[in-house]
Amino acid sequence: MTDTNNISIKRVEKSRLENLDFENLSFGRDFADHLFVCKYSNGKWGESRIEPYANISMAPSIAVLHYGQTIFEGMKAQKNDDGDIFIFRPEKNVERMNKSAVRLGMPEISEEIFVEGLKELLKIDREWVPNKTGSSLYIRPFMFAIDEYIGVRSSDEYIFMIITSPVGSYYSEPLRVKVETEYIRAAEGGVGFAKAAGNYAGSLLPAKKAMDEGYHQIIWTDAKEHKYIEESGTMNLMFIIDGIIITPPAGNTILDGVTRDSALTIAKDLGYKVEERRISIDEVIEAHGNGTLEDAFGTGTAVTITHIKTIGFNGTDYELPAIDTREKSLKMLSQLEAIKLGKGEDPHNWVVKI
Ligand code: COI
């Protein structure tokens, strides 16, 4: 056991790294040797620890299993050819985790515990960070309620944990997405803006139905009218109509994506026109009809920028322009990737070297 920055560290006796096939990484199935953990009790966060990744023991009565009081974040660490490791805008993830925590009645966490813990974890598991194009070490910080109590109230005790997973691309091809007009994801005043696990649980049945019909994902529409586009199951959405990048406003029913914000900033830096406003599915279909729908894509930590090739709506599949014609989003993607790898300019100081 060693101690760094007030984090007590217990290392694995034998690394599992030799079992990992870096050439064939899928998403989210392999986990690095160590995890970071910190417990909240008596109104404060306690000692931080880094320990071997292992099963956790819990009582069947813990609150999270019954009322879903749990939130999470998604981040990535990337390695360049010199072996330097970078993370991207970690303060945004702390900020969003704390917004989610407040909404779910959970305690906020300090940037120090979150980011310093993550940095130490990445130093210890640095060999797990892939340096192949399209691969990265996906980082999953999460917090969950652990009171052994099944009355309905906010828990007094919580665990904050970070696990990491070497990953390849989330999607291996441009997407076929279906506009969802039966189920909803979030309503005004709900938890749509939070990265609450329950938002994802509610998406699984509609997504499965869409997958059974040959789509990869759904496009959520608003809860009142099923008219306005919200987000997709794993990403925020952007459309380019007549040269203008249009994306629905985040922060209420829509997740405030870090990649969304970064992509919009890069777009503005490149001189592209950006509109954050409500966009109806009718507007998208009309633009497709008159030839002004140039592009549609998703943004997210896991998916980075992933192009949409087909939009299914009311039984019709609308095919979008060929991916190699999508100059703006391709340029945004390459700039984003370059910044994340510490290459070239980082005008907004987004990148943190480990
Ligand atoms: C992310 O992009 O990091 C996410 O959390 C989305 C998803 C994989 C659930």
Side-chain angles (χ1 to χ4, degrees), residues 25-32 68 70-78 86-101 103-104 114-115 118 122 129-130 134-144 160-173 175 177 180 185-186 191-208 210-211 215-220 230-238 247 250-251 253-264 297-308 332-333 336-337 340 350:
L25 292 173
S26 59
F27 187 92
R29 292 196 185 278
D30 301 295
F31 298 96
T70 178
I71 54 177
F72 70 97
E73 280 297 315
M75 306 164 76
K76 274 178 178 170
Q78 283 177 285
F86 300 96
I87 53 175
F88 187 69
R89 308 186 75 182
E91 71 290 347
K92 294 287 281 180
N93 295 90
V94 181
E95 192 188 313
R96 187 174 60 189
M97 179 153 236
N98 284 334
K99 281 188 185 155
S100 302
R103 177 61 184 87
L104 274 279
F114 187 131
V115 180
L118 174 58
L122 291 175
V129 186
S135 298
S136 56
L137 188 72
Y138 185 79
I139 299 162
R140 173 52 61 88
F142 57 112
M143 191 196 295
F144 55 97
F160 172 72
M161 205 175 252
I162 308 177
I163 56 174
T164 65
S165 170
V167 297
S169 305
Y170 194 90
Y171 293 115
S172 54
E173 56 183 340
L175 304 182
V177 290
E180 177 58 55
R185 175 181 175 277
V191 297
F193 66 87
K195 220 154 163 60
N199 284 335
Y200 294 81
S203 77
L204 302 178
L205 174 72
K208 162 92 176 51
M211 283 175 207
Y215 298 97
H216 296 95
Q217 253 305 339
I218 50 181
I219 290 185
W220 290 110
E230 300 249 304
E231 61 175 85
S232 183
T234 45
M235 52 199 191
N236 293 111
L237 291 169
M238 299 194 185
T247 190
T253 55
I254 297 176
L255 191 79
D256 191 1
V258 178
T259 310
R260 173 189 179 280
D261 180 74
S262 310
L264 291 179
F297 53 95
T299 60
T301 300
V303 306
T304 317
I305 288 181
T306 295
H307 291 99
I308 291 171
M332 287 156 64
L333 175 59
L336 183 61
E337 287 299 351
K340 283 175 146 186
W350 284 340

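Each ligand, and each atom within it, is numbered from 1 in the order the structure gives.
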Report yes if some N/O of Lys195 lies less than 3.5 Å from some N/O of ligand 1; otherwise report no.
-> yes
Using modelled atom types only, decide if a donor and an acceptor are shared between the side chain of Ser165 and the backbone of Asp30 within a distance under 3.5 Å.
-> yes
Measuring from the heavy atoms of Glu73, does anything fall under 4.0 Å of ligand 1?
-> no
First locate atom CD1 of Ile254, then atom CZ of Arg260, and finally report the distance between them rounded to the nearest 0.5 Å.
-> 7.5 Å
Ligand 1 N/O within reach of Tyr170 N/O, cut-off under 3.5 Å | no
Quick one: does Arg140 get a heavy atom under 4.0 Å from ligand 1?
-> yes
Does any N/O atom on Phe27 come nearer than 3.5 Å to any N/O atom on ligand 1?
-> no
If you measure from OG1 on Thr164 to CG on Leu122, what distance do you get to the nearest 0.5 Å?
-> 7.0 Å
Phe72 neighbourhood, listing ligand 1 atoms whose heavy-atom distance to it stays under 4.0 Å | 5 (O)
Is there side-chain contact between Ile162 and Ile139, with heavy atoms separated by less than 4.5 Å?
-> yes
Below 4.0 angstrom from a heavy atom of Ala302, which ligand 1 atoms are there? Numbered from 1 as shown, please.
-> 1 (C), 2 (O), 3 (O), 8 (C)
Ligand 1 atoms in contact with Tyr200 (distance to a heavy atom under 4.0 Å) = 9 (C)
Flag the pair Tyr170 / Tyr138 as yes when their ring centroid distance falls below 6.0 Å, and as no otherwise.
-> no
Taking Thr70 for its side chain and Met143 for its backbone only, find out whether a donor-acceptor pair lies under 3.5 Å.
-> yes
Distance-only N or O hit between ligand 1 and Tyr138, under 3.5 Å | yes
Between Arg185 and Glu231, does at least one N-O distance fall below 4.0 Å, as a salt bridge requires?
-> yes
Mutual orientation of the aromatic rings belonging to Phe160 and Phe114 [parallel < 30°, tilted 30-60°, perpendicular > 60°] = tilted
Among non-hydrogen protein atoms, atom 7 (C) of ligand 1 lies closest to Thr234 CG2, 4.3 Å
Region of Lys76 engaging ligand 1 - heavy atom pairs below 4.0 Å = neither
